[in-house]
*Asks:* 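I have a structure I would like to understand better, so I am pasting it below and will then ask my questions one at a time.
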Amino acid sequence: MAKRQSTGRSALGALFLVLIGLAATQIAHSAEFPAAPQAGMTAPAFRLQDQVGAWHDSNEYRGKWLVLYFYPKDDTPGCTTQACEFRDNLFAFNKLGAVVVGISVDDVASHKQFSEEHSLPFTLLADSTKETAKAYGVLRSVLGLMEIASRETFIIDPQGRIAKHYPAVDPKGHSQAVLKDLRALQQAKS
């Protein structure tokens, strides 16, 4: 009986990962969710808690370059790959004066576990109300069963405007692509 329960849980876990994968690769925007802000537009404001429960307001990032990346679910394969690549390149982002912040609709406790398990030295914000994901146009419905943030990234300039939007992100190599574009954006502004 224990083996049957274990197999059942494994099957449910696999189904959940498939659903997350489908949602993460969904490109079409639903009419019920607003479109993402475009380059040049003011980035939507937010006030969310991080993985240790501290509050963060979008205004605290003014005057800095902000790499704001949305992801579907803590501790799933693609999200782990993406987070670990940002972690591994964090010194390069810091050298450019940029702050990396991840957001998903998971709660604070989930972010805390994910952050600790993978030694993530940057802020993960919990958008449990889904309002920030909705404001950035990244909230998606998974087969009508649940809502998650799609895997999208925004580079926000020091004035709080969207400098670049990545609407379809492959987690492998994404951090390097963002670094390259961030350098180019900074050079264009100087």
*Asks:* Hey, what do you get for SG (Cys79) to CD1 (Ile148), rounding to the nearest 0.5 Å?
*Replies:*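 Answer for the SG-CD1 pair, Cys79 versus Ile148, is 8.0 Å.
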
*Asks:* Do you know which two heavy atoms are closest between Gly78 and Pro171, and how far apart they sit?
*Replies:*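 Minimum heavy-atom contact is O-CB, 3.3 Å.
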
*Asks:* Does Lys164 qualify as a cation-pi partner of Tyr166, given the criterion of NZ or CZ under 6.0 Å from the six-membered ring centre and within 45 degrees of its axis?
*Replies:*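 Verdict for Tyr166: a cation-pi partner in Lys164.
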
*Asks:* Check whether any side-chain heavy atom of Leu139 lies under 4.5 Å from a side-chain heavy atom of Phe70, and answer yes or no.
*Replies:*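 Sidechains of Phe70 and Leu139: no contact.
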
*Asks:* List the steps and the verdict of side chain to side chain donor-acceptor pair (under 3.5 Å) for Ser175 and Glu85.
*Replies:* CA-CA 6 Å; Ser175 177; Glu85 286 195 7; 5.5 Å; no

*Asks:* If you measure only the distance, is there a donor-acceptor pair under 3.5 Å linking the side chains of Asp74 and His111?
*Replies:*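 Per modelled atom types, Asp74 and His111 side chains form a pair under 3.5 Å.
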
*Asks:* To the nearest 0.5 Å, what is the distance between OG1 (Thr81) and NE2 (His118)?
*Replies:*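 Reported to 0.5 Å precision, the distance equals 9.5 Å.
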
*Asks:* CG/Asp170 to CZ/Arg151 distance, rounded to the nearest 0.5 angstrom?
*Replies:*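 One gets 8.5 Å once the value is rounded to the nearest 0.5 Å.
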
*Asks:* Please report the interatomic distance CH2(Trp55) to CD(Glu60), rounded to the nearest 0.5 Å.
*Replies:*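 Rounded to the nearest 0.5 Å, the CH2-CD separation comes to 12.5 Å.
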
*Asks:* Apply side-chain contact (heavy atoms from CB on, under 4.5 Å) to the pair Phe122 and Val99, showing each step before the final yes or no.
*Replies:* CA-CA 8 Å; Phe122 52 85; Val99 178; over 6 Å; no

*Asks:* Taking Ser150 for its side chain and Val138 for its backbone only, find out whether a donor-acceptor pair lies under 3.5 Å.
*Replies:*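 Checked: pair present.
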
*Asks:* Before you tell me yes or no, could you show the steps for Phe93 and Leu179 under side-chain contact (heavy atoms from CB on, under 4.5 Å), namely the whole-Å CA-CA distance, both residues' side-chain angles and the distance that decides it to 0.1 Å?
*Replies:* CA-CA 7 Å; Phe93 283 103; Leu179 270 170; 3.5 Å; yes

*Asks:* Can Ile162 and Ile156 be said to form a side-chain contact (heavy atoms from CB on, under 4.5 Å), step by step?
*Replies:* CA-CA 5 Å; Ile162 304 294; Ile156 301 172; 4.0 Å; yes

*Asks:* What distance separates Thr129 OG1 from Asp127 CG, expressed to the nearest 0.5 Å?
*Replies:*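 So the gap between those two atoms works out to 5.0 Å.
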
*Asks:* Please enumerate all residues that pass salt bridge (charged side-chain N to carboxylate O under 4.0 Å, His left out) together with Asp157, with sequence neighbours excluded.
*Replies:*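 Expected list: Arg161, Lys189.
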
*Asks:* Apply side-chain contact (heavy atoms from CB on, under 4.5 Å) to residues Leu120 and Phe86 and explain how you reach the verdict.
*Replies:* CA-CA 9 Å; Leu120 303 178; Phe86 276 119; over 6 Å; no

*Asks:* Out of the candidates Tyr136, Tyr69, Trp65, Tyr61, only one should pair with Phe154 under the ring-ring contact (aromatic ring centres under 6.0 Å, His included) rule; please name it.
*Replies:*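 The option that passes is Tyr136.
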
*Asks:* Any sub-3.5 Å donor-acceptor pair from Gln186's side-chain atoms to Leu96's backbone N or O?
*Replies:*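 Confirmed, Gln186 side chain pairs with Leu96 backbone.
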
*Asks:* Extract all donor-acceptor atom pairs below 3.5 Å that involve side chains of residues 38-48 and protein atoms in other chains or at least two apart in sequence.
*Replies:*
unit_1	atom_1	unit_2	atom_2	d
Gln38	NE2	Ala36	O	3.0

*Asks:* Output the distance between atom NE2 (His56) and atom CG (Leu125), rounded to the nearest 0.5 Å.
*Replies:*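 Answer for the NE2-CG pair, His56 versus Leu125, is 6.0 Å.
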
*Asks:* Has Gln51 got a side-chain atom pairing as donor or acceptor with Ala126's backbone, closer than 3.5 angstrom?
*Replies:*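 Pair absent, no side-chain N/O of Gln51 close to backbone of Ala126.
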
*Asks:* Mind checking what makes salt bridge (charged side-chain N to carboxylate O under 4.0 Å, His left out) contact with Lys64, not counting sequence neighbours?
*Replies:*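 By the salt bridge (charged side-chain N to carboxylate O under 4.0 Å, His left out) rule, Lys64 matches no residue at all.
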
*Asks:* Same hydrophobic cluster for Leu90 and Tyr71, using side-chain heavy-atom links shorter than 4.5 Å among ILVMFWY?
*Replies:*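 Linked, Leu90 and Tyr71 end up in one cluster.
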
*Asks:* Within a radius of less than 6.0 Å around CD of Gln113, do more than 12 heavy atoms belonging to other residues, nucleotides or ligands occur?
*Replies:*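 12 or below, so no.
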
*Asks:* Can you name the nearest heavy-atom pair linking Pro121 to Arg87, along with the distance?
*Replies:*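 Smallest interatomic distance, heavy atoms only, reads CD-CG, 3.4 Å.
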
